[in-house]
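Notes follow once the structure below has been shown.
Just follow the structure's listing: the first ligand is 1, and inside any ligand the first atom is 1. Just so you know, these numbers use all the heavy atoms, side chains as well, and skip hydrogens, waters and symmetry mates.
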Amino acid sequence: MRLLVTGGAGYIGSVVTALLLDAGHEVVVLDDLSTGHQDAVPQGATFVRGRVHDSIADVLTPDFDGVLHFAAFIAAGESVQKPEKYWDNNAVGTLRLLDAMRAAGVRRLVFSSTANVYGDPDTVPIPETAAVRPPNPYATSKLAADHALTGEAVGHGLSAVSLRYFNVAGALRRADGSMIGERHDPETHLIPIALQVAAGRREKLQLFGDDYDTPDGTNVRDYIHVADLGTAHLLALGTMDGPGHRVYNLGNGNGFSNRQVVEVVRTVTGHPIPVEMAPRRPGDPAQLVASSEKARRELGWTPQHVDLATMVADAWAYMNY
Ligand SMILES: NC(=O)c1ccc[n+]([C@@H]2O[C@H](COP(=O)([O-])OP(=O)(O)OC[C@H]3O[C@@H](n4cnc5c(N)ncnc54)[C@H](O)[C@@H]3O)[C@@H](O)[C@H]2O)c1
Ligand SMILES: O=c1ccn([C@@H]2O[C@H](COP(=O)(O)OP(=O)(O)O[C@H]3O[C@H](CO)[C@H](O)[C@H](O)[C@H]3O)[C@@H](O)[C@H]2O)c(=O)[nH]1
């Protein structure tokens with residue numbers, strides 16, 4: 001297929017681009033480099049620098065078979081302080097993409113949604129049928145985009161899949177020995193921050209809140225290896241023929257508290273990780289753990305790297321690569 005990847009210079013988009021190229025697809029990456037890196041775009045992809053809002057109508061010609069839409073701002077905490085930044089980039093950007101797809105007659109779309117839309121769920125692990133209670137503007141902006149996809153499928157025959165990623169970690173090891181991984185600046189995610197402490201690039205890690213209703217009081221998250229996440233995109237693309245919008249949760253069904261994550265980082269790196277308790281970060285749900293039964297059943301998805309220590313080891317190898 002000839003595919004457009006928005007956000008393909010970012011962490012997950014660059015990994016998925018590599019997997020698409022390895023599978024024989026032709027890939028054009030559209031990215032404004034607002035948080036991504038041009039050197040992260042895998043060799044073999046065509047790179048176009050541009051913002052979705054301004055460039056998508058020119059880039060998306062009718063010869064494309066589909067779009068994978070990763071371009072977004074991703075920091076849930078920041079979104080509480082700057083909601084307009086998230087609504088504009090994540091919700092409005094997706095509307096502009098849908099306009100361009102409609103105009104060009106391109107019908108397949110795989111969208112990066114998020115576990116964050118569930119907020120504080122009634123049941124854990126969380127199925128796709130759970131009530132959505134987005135706890136911050138990042139999550140509301142992503143949920144709005146999900147709803148826009150549903151309307152587009154009904155009104156205009158779009159074939160769309162929203163993949164609701166839980167917490168993505170690790171790095172891709174390619175056949176030639178090269179690696180692709182997470183390189184956010186500033187970094188906001190727990191595992192890479194803990195690894196920066198291990199590497200001596202930060203003095204300590206702040207843990208945001210230990211008074212949640214969880215076993216040790218810190219937030220619980222479900223971590224998924226970026227390579228397994230990438231595979232799900234290829235499987236989803238293979239199932240998209242007719243109109244409709246499907247949603248899949250992608251996680252491993254194992255919850256790790258923030259304290260447990262830090263312990264795994266200590267074990268894997270062999271470095272002490274000094275921790276300082278800090279107040280809660282606004283907009284953080286207490287506990288997010290996935291049920292991915294639907295993805296396993298309908299997409300035939302079977303994650304291969306379910307061990308958190310493997311994800312941390314791969315992220316650590318990438319940091320030292
Ligand atoms: N990282 C996670 O744990 C996680 C979890 C759930 C969902 N997601 C979703 O996955 C997607 C990718 O996340 P990531 O961690 O790779 O983030 P990232 O910041 O590494 O990548 C996003 C990329 O999109 C580009 N971009 C942003 N806005 C753009 C725009 N308007 N036009 C063109 N390019 C634009 C950035 O330059 C960057 O390269 C996002 O949509 C995010 O919401 C991520
Ligand atoms: O320095 C830090 C960084 C994070 N945390 C805590 O670690 C946990 C995980 O936080 P991350 O920022 O690593 O990840 P989030 O769970 O907030 O969100 C991530 O995963 C979501 C899906 O669950 C989203 O889609 C989002 O893009 C992505 O940032 C949270 O309890 C957070 O408060 C700390 O204690 N200290």
Indicate yes or no: does an N/O atom of [X] lie under 3.5 Å from an N/O atom of ligand 1?
{"X": "Asp31", "answer": "yes"}
{"X": "Val52", "answer": "yes"}
{"X": "His37", "answer": "no"}
{"X": "Tyr138", "answer": "yes"}
{"X": "Ala71", "answer": "no"}

Under 4.0 Å, heavy-atom basis, I'd like to know which part of [X] is in contact with ligand 2: side chain, backbone, both or neither.
{"X": "Leu207", "result": "both"}
{"X": "Asp284", "result": "side chain"}
{"X": "Lys142", "result": "neither"}
{"X": "His189", "result": "both"}
{"X": "Tyr165", "result": "backbone"}

Which of the numbered atoms in ligand 2 are under 4.0 angstrom from any heavy atom belonging to [X]?
{"X": "Arg281", "value": "4 (C), 10 (O), 11 (P), 12 (O), 15 (P), 17 (O), 30 (C), 32 (C), 33 (O)"}
{"X": "Thr114", "value": "21 (C), 22 (C), 24 (C), 25 (O)"}
{"X": "Gln206", "value": "1 (O), 2 (C), 34 (C), 35 (O), 36 (N)"}

Any atoms of ligand 1 less than 4.0 Å from a non-hydrogen atom of [X]? List them with their elements.
{"X": "Phe70", "result": "11 (C), 12 (C), 40 (C), 41 (O)"}
{"X": "His53", "result": "31 (N)"}
{"X": "Ile74", "result": "13 (O), 15 (O), 17 (O), 40 (C), 42 (C), 43 (O)"}
{"X": "Gly7", "result": "23 (C), 24 (O), 25 (C)"}
{"X": "Ser113", "result": "6 (C), 7 (C)"}
{"X": "Leu33", "result": "37 (O)"}

Electrostatic pair Glu293:Arg297 at N-O distance under 4.0 angstrom: no
For atom 30 (C) of ligand 2, which candidate among Asn116, Ile224, Val262, Asn219 provides the closest heavy atom? Asn219
Tell me which one of Tyr223, Tyr138, Phe73, Tyr118 gets a heavy atom nearest to atom 27 (O) of ligand 2.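 Heavy atom nearest to atom 27 (O) of ligand 2 belongs to Tyr138.
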Is ligand 1 under 4.0 Å from a heavy atom in the side chain of [X], in the backbone, in both, or in neither?
{"X": "His184", "result": "side chain"}
{"X": "Ala115", "result": "neither"}
{"X": "His69", "result": "neither"}
{"X": "His189", "result": "side chain"}

Among Thr231, Thr310, Asp314, Asp307, whose side-chain hydrogen bond (donor to acceptor under 3.5 Å, both in side chains) with His225 holds?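 For His225, the side-chain hydrogen bond (donor to acceptor under 3.5 Å, both in side chains) check succeeds only for Asp314.
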Applying the side-chain hydrogen bond (donor to acceptor under 3.5 Å, both in side chains) test to Tyr118, which of Arg164, Glu128, Gln287 qualifies?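 Among the candidates, only Arg164 passes.
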Tell me whether Asn89 reaches ligand 1 (any heavy atom closer than 4.0 angstrom to a ligand atom). yes
Taking Ser141 for the side chain and Tyr138 for the main chain, is one N or O donor matched with an acceptor at less than 3.5 Å? yes
At what distance is the nearest protein heavy atom to atom 36 (C) of ligand 1, and which residue and atom is it? Thr35 OG1, 3.1 Å
Residues two or more places apart in sequence or in another chain: which of them pass side-chain hydrogen bond (donor to acceptor under 3.5 Å, both in side chains) with Asp22?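 side-chain hydrogen bond (donor to acceptor under 3.5 Å, both in side chains) check on Asp22 returns Arg174.
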Ring centre gap for Phe70 and His233 strictly below 6.0 Å: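 Ring-ring flag for Phe70/His233: true, centres closer than 6.0 Å.
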